[in-house]
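To keep things clear, I will list the structure first and then write my remarks on it.
Positions are given from 1 along the sequence. As the structure is a computational prediction, the values presented were derived from the model and not from experiment.
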Amino acid sequence: MDAIVKSFPPRPEADAEQATKHYLDKPVTDRPSREEAEAAVRTLLRWAGDDPEREGLKETPERVVKSYQELFSGYDRSPVEELGRTFEEVAGYDDMVLVKDISFHSHCEHHMVPIIGKAHVAYLPKGKVVGLSKIARAVDIYARRLQTQEAMTAQIATAIQDVLKPRGVAVMIEAEHMCMSMRGIQKQGSTTLTSTFTGVFKEKPEEQVRFVTMVRDSRNG
Ligand SMILES: Nc1nc2c(ncn2[C@@H]2O[C@H](COP(=O)(O)OP(=O)(O)OP(=O)(O)O)[C@@H](O)[C@H]2O)c(=O)[nH]1
Ligand SMILES: [Zn+2]
């Protein structure tokens, strides 16, 4: 927790509770050196039963560490910062904004194998809107961390609710977990659906229905 607090200074106006939430938006841990990370990959290669010194694997630890930097780049980026760039000139538009079929690749925190899916994110604006790409960026940042689907769904909704303060947020994620298809129970093609609602979406079931219908309709169309 100390490392987290030090790494991400609070905005001056934030009170203590908000500030804690804000830090958690961008977790930071004490990182090993690149050399230590490469040594860990060599250990795993040996654990898998191969020889890290053979020609084809010589540069693999370096490649794996580089690819981890990309696959887990979400730890170095802040969804709150991305969502902070809002604008108000939308001619009074205050109905649902839905960004659907945002494809993502994540990794499950239990097995560190891929979760591949799509996120559908909607909000009901109150005064201000956010650039559409910023919603997809927020999804991407959370996806590029170790995740459970439930946590990722909640994190996206909370970030949009906290930063944009809209009348409500709806998030639905559908994903395939490779830890269920490649190993373990080995069920290919099963999809997990999660959804979460805040504000008006939470209070009014008809708004939830409208969200789900729009997600489905846009898919069929
Ligand atoms: N709720 C939830 N579970 C997940 C997610 N990703 C993976 N899991 C599950 O996490 C569980 C971990 O179960 P454990 O019994 O601790 O680990 P395991 O022996 O590898 O489990 P099996 O996958 O059943 O072989 C499994 O049931 C996975 O299917 C996720 O995003 N959400
Ligand atoms: Zn898993």
Side-chain angles (χ1 to χ4, degrees), residues 11 13-15 17-18 21-22 24-26 73-74 77-106 108 114-145 147-177 189-221:
R11 292 162 299 169
E13 74 273 19
D15 66 20
E17 196 187 329
Q18 271 180 328
K21 222 170 169 186
H22 202 57
L24 293 175
D25 165 58
K26 194 178 180 183
S73 59
R77 293 156 62 205
S78 163
V80 170
E81 282 170 15
E82 294 288 353
L83 292 165
R85 293 171 64 92
T86 57
F87 50 97
E88 295 181 12
E89 224 177 65
V90 284
Y93 183 89
D94 67 352
D95 207 335
M96 194 184 317
V97 178
L98 166 65
V99 187
K100 52 111 187 170
D101 292 333
I102 305 167
S103 62
F104 69 84
H105 293 86
S106 187
C108 86
I115 305 171
I116 298 169
K118 282 179 177 175
H120 314 289
V121 181
Y123 70 101
L124 291 160
K126 191 166 72 183
K128 55 187 178 183
V129 297
V130 67
L132 299 174
S133 70
K134 307 301 180 193
I135 290 177
R137 280 184 191 281
V139 170
D140 207 45
I141 291 169
Y142 285 124
R144 285 167 188 267
R145 297 177 182 179
Q147 281 293 4
T148 66
Q149 189 171 326
E150 293 93 327
M152 190 176 150
T153 309
Q155 286 164 355
I156 295 165
T158 303
I160 296 172
Q161 184 63 50
D162 282 3
V163 180
L164 219 54
K165 303 201 182 345
R167 288 182 293 123
V169 180
V171 178
M172 185 190 289
I173 291 183
E174 42 189 305
E176 184 175 358
H177 293 243
S190 91
T191 304
T192 302
L193 271 153
T194 45
S195 62
T196 196
F197 303 100
T198 70
V200 175
F201 282 111
K202 195 170 190 166
E203 290 151 19
K204 296 189 174 170
E206 64 268 27
E207 288 295 326
Q208 296 178 19
V209 171
R210 204 157 71 93
F211 166 70
V212 173
T213 306
M214 279 173 77
V215 169
R216 284 216 193 105
D217 281 358
S218 49
R219 187 173 310 156
N220 295 338

Practice task
Measure the OG1-NZ distance between T191 and K118 for me, rounded to the nearest 0.5 Å.
Solution key: 10.5 Å
Exercise for the section: Applying side chain to side chain contact (heavy atoms under 4.5 Å, CB included), name anything that partners E82, two or more places apart in sequence or on another chain. Expected result: K134, R137, I141
Fill in the blank from the handout: Closest non-hydrogen contact found for A151 with Q147 is CB-OE1, 3.7 Å
Practice task
Mind checking the CD-CD1 spacing from E176 to I116? Nearest 0.5 Å is all I need.
Solution key: 7.0 Å
Problem - Residue among V99, V139, V215 satisfying side chain to side chain contact (heavy atoms under 4.5 Å, CB included) with H120 - result: V215
Handout entry: Partners passing side chain to side chain contact (heavy atoms under 4.5 Å, CB included) against T153 (at least two apart in sequence or in another chain)
Key = Q149, V171, I173, T194, T196
Exercise for the section: Measure the OG1-CD1 distance between T148 and I115 for me, rounded to the nearest 0.5 Å. Expected result: 7.5 Å
Handout entry: Listed partners of S73 passing side chain to side chain contact (heavy atoms under 4.5 Å, CB included), at least two apart
Key = R77, R144
Exercise for the section: To the nearest 0.5 Å, tell me how far S106 OG sits from M152 CE. Expected result: 5.5 Å
Practice task
Working to the nearest 0.5 Å, report the span between CD of Q155 and CD1 of I160.
Solution key: 12.0 Å
Practice task
Mind running side-chain contact (heavy atoms from CB on, under 4.5 Å) on T86 and V129 for me, showing each step along the way?
Solution key: CA-CA 6 Å; T86 57; V129 297; over 6 Å; no
Exercise for the section: May I ask you to decide if F201's main-chain N or O and K204's side chain share a donor-acceptor pair within less than 3.5 Å? Expected result: no
Completion exercise
Contacts of A154 meeting side chain to side chain contact (heavy atoms under 4.5 Å, CB included) (sequence neighbours excluded), chain-then-number -> none
Practice task
Rounded to the nearest 0.5 Å, what's the gap from CD on Q161 to CZ on R167? Could you check?
Solution key: 11.5 Å
Fill in the blank from the handout: Across all chains, not counting sequence neighbours, the salt bridge (charged side-chain N to carboxylate O under 4.0 Å, His left out) partners of R210 are D95, E207
Handout entry: Enclosure of E206 CD (heavy-atom neighbours >12, cutoff 6.0 Å)
Key = yes
Exercise for the section: Report the C-alpha separation of F197 and F211 in whole Å, then their side-chain angles, then the decisive distance to 0.1 Å, and conclude whether the side-chain contact (heavy atoms from CB on, under 4.5 Å) test is met. Expected result: CA-CA 10 Å; F197 303 100; F211 166 70; 3.8 Å; yes
Scan the side chains in residues 121-128 for donor-acceptor partners under 3.5 Å anywhere in the protein, sequence neighbours excluded, and list what turns up.
from, atom 1, to, atom 2, distance (Å)
Y123, OH, V130, N, 3.1

Problem - Test item: M172 and V212 side chains (from C-beta on) under 4.5 Å apart, heavy atoms - result: yes
